[in-house]
Amino acid sequence: MRIVVALGGNALLQRGEALTAANQRENIRIAAAALAPLADEHELIISHGNGPQVGLLALQGAAYKPEEAFPLDVLGAQTEGMIGYMIEQELRNRLPPDKPLATMLTMVEVEPDDPAFGNPTKFVGPVYADNEAQHLAREKGWAIKRDGENFRRVVPSPAPRRIAEIAPIRWLLDKSAIVICAGGGGIPVTRSPDGLVVGVEAVIDKDAASALLAHNLDADLLVMATDVDAVYRDWGQTTQRRIQSVTPGTVDAYEFPAGSMGPKVQAAVDFVTRTGKRAAIGALTELGAVIAGQAGTAIIPDERS
């Protein structure tokens, strides 16, 4: 099977962990241990998040020369290279020496008039207590929203429309390579009125970009690998129950948190609706069982239900 695996933030950094290279590498080492055994049987395309990393680089740049801080598209490119390198290296240490691997810096095109530019919703950077968050919002002009018990910066998250590097990604797959691409939702770009490609101040949702990637590559399966074993109804309540499977036609019966599971479910539904194939959401540590349909939550076409 051709499988797109979208690594959740836990594959890079556990909530509350310091954003150090050592912590990220240790988490990526765990992810590589789950991914490597699949390489013999399946074609693998790996995407990943980058919210904390982009936020940290933005803070570092602002602390150095605020008036010369790098824009979010450049920071996205930096994190794609950094995280892709770590994933590629840890996989290489677990795979045969002749197995091809490649990290592809990936530009993802968005529409310049996307309404998301007027309503920032995408979390980036570390979490802050209320007072610190309000101070940063005033000082830096950030939009701030609650994330669990704390607060984080939010930026625009326009819908992905086109993956610029889809052709070279296909070429690499044709050579049996594992491809790491569309990291952090890809580098956000748009087209100017005269047709030039230009970067934009935004962060594209990683799950939405992964669904578009899977669709464009004719993937057989899209997997969102997370730190929970499945999707649950009534999460965190005494009535919570695991959802074993759901279809696009029945998903509206459930409510999912907009800042966590909601985007994953929506991206999975979009992929299934567009392709008639299967998507799955489950724990990274159970990746093999999730792919086999023995764990996690399956999102399946309506005609199967």
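Worth saying up front: this structure is predicted, and the values here are computed from it rather than measured.
With contacts defined as side-chain heavy-atom distances shorter than 4.5 Å, the pair Ile3/Leu38 does not qualify. For the pair Glu80 and Thr103, the minimum side-chain heavy-atom distance is 4.5 Å or more. When side chains are defined from C-beta on, Ile46 counts as touching Leu91, because their heavy atoms get closer than 4.5 Å. Looking at Glu132 and Ile144, their side chains never come closer than 4.5 Å, going by heavy atoms from C-beta outward. Between Pro168 and Met104, the closest side-chain pair of non-hydrogen atoms falls below 4.5 Å. In this structure, Arg162 and Arg191 have side chains that are in contact, with non-hydrogen atoms separated by less than 4.5 Å.
Under 4.0 Å is where a charged nitrogen must lie from a carboxylate oxygen, and between Arg94 and Glu90 no such pair does.
In this structure, CD1 on Ile28 lies 5.0 Å from CD1 on Ile87, to the nearest 0.5 angstrom. With rounding to the nearest 0.5 angstrom, the CG atom of Asp229 is 6.0 Å from the CD atom of Glu286. From Glu26, atom CD reaches atom CE of Met86 across 11.5 Å, with rounding to the nearest 0.5 Å. The CD atom of Gln78 sits 8.5 Å away from atom CE of Met82, with the distance rounded to the nearest 0.5 Å. A distance of 7.5 Å separates OG1 in Thr106 from CG in Leu213, rounded to the nearest 0.5 Å. In this structure, CD1 on Ile204 lies 9.5 Å from CG on Asp114, to the nearest 0.5 angstrom.
Nearest heavy-atom pair, Gly199 versus Asp73, reported as atom, atom and distance to 0.1 Å: CA-OD2, 3.3 Å. Contact record, Ala219 with Phe271: O-CZ, 3.6 Å, taken as the closest heavy-atom pair. Taking every heavy atom of both residues into account, Pro112 and Thr190 meet most closely at CD-OG1, 3.1 Å. Among all heavy-atom pairs drawn from Ala202 and Pro188, the shortest one is O-CG, 3.2 Å. Considering all non-hydrogen atoms of both residues, Arg278 and Ile291 come closest at NH2-O, 2.6 Å. Between Leu217 and Arg170, the closest heavy-atom pair is CD2-CG, 3.7 Å.
In terms of modelled atom types and a separation under 3.5 Å, the side chain of Thr250 and the main chain of Val246 share no donor-acceptor contact. Between the Lys206 side chain and the Ala182 main chain, no donor and acceptor come within less than 3.5 Å of each other. The backbone N or O of Pro120 lies less than 3.5 Å from a partner atom in the side chain of Lys145, making a donor-acceptor pair. A distance-only check finds no donor-acceptor pair linking the side chain of Asp147 to the backbone of Arg152 [under 3.5 Å]. With hydrogens and angles disregarded, a donor-acceptor distance shorter than 3.5 Å links the side chain of Ser157 to the backbone of Val203. Panel note: side chain Glu109, backbone Val189; no donor-acceptor pair is recorded below 3.5 Å.
Under the 4.5 Å side-chain heavy-atom criterion for ILVMFWY residues, a single connected hydrophobic cluster contains both Val231 and Val272. Hydrophobic cluster membership is shared by Val155 and Val74, with clusters built from Ile, Leu, Val, Met, Phe, Trp and Tyr side chains linked at under 4.5 angstrom. Leu105 and Ile163 are assigned to two separate hydrophobic clusters, defined by single-linkage of ILVMFWY side chains at heavy-atom distances under 4.5 Å. In the hydrophobic clustering of this structure, Phe70 does not group with Val197; members are Ile, Leu, Val, Met, Phe, Trp, Tyr whose side-chain heavy atoms approach within less than 4.5 Å, directly or through other members. If you chain together hydrophobic residues whose side chains sit under 4.5 Å apart, Tyr85 and Ile180 fall into the same group.
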Requested in this report: Decide side-chain hydrogen bond (donor to acceptor under 3.5 Å, both in side chains) for Gln266 and Asp270; before the verdict, give the C-alpha distance in whole Å, the side-chain angles of both, and the deciding distance to 0.1 Å.
Outcome: CA-CA 6 Å; Gln266 185 58 57; Asp270 289 346; 2.8 Å; yes
Report task. Let me see the working for Val265 and Ile299 under side-chain contact (heavy atoms from CB on, under 4.5 Å), right down to the final yes or no. Result -> CA-CA 8 Å; Val265 173; Ile299 299 85; 5.6 Å; no
Report task. Check step by step if side-chain contact (heavy atoms from CB on, under 4.5 Å) holds for Val154 and Thr121. Result -> CA-CA 5 Å; Val154 289; Thr121 59; 5.6 Å; no
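Applying the side chain to side chain donor-acceptor pair (under 3.5 Å) test to every pair with at least one member in residues 35-48, sequence neighbours left out, gives these pairs: Arg2-Glu43, Ser47-Ser210.
Atom CD of Gln244 is surrounded by 12 or fewer heavy atoms from other residues, nucleotides or ligands within 6.0 Å.
Not a single ring-ring contact (aromatic ring centres under 6.0 Å, His included) links Phe117 to another residue, sequence neighbours left out. Residues satisfying the side chain to side chain donor-acceptor pair (under 3.5 Å) criterion with Asp205, sequence neighbours excluded, are Lys122.
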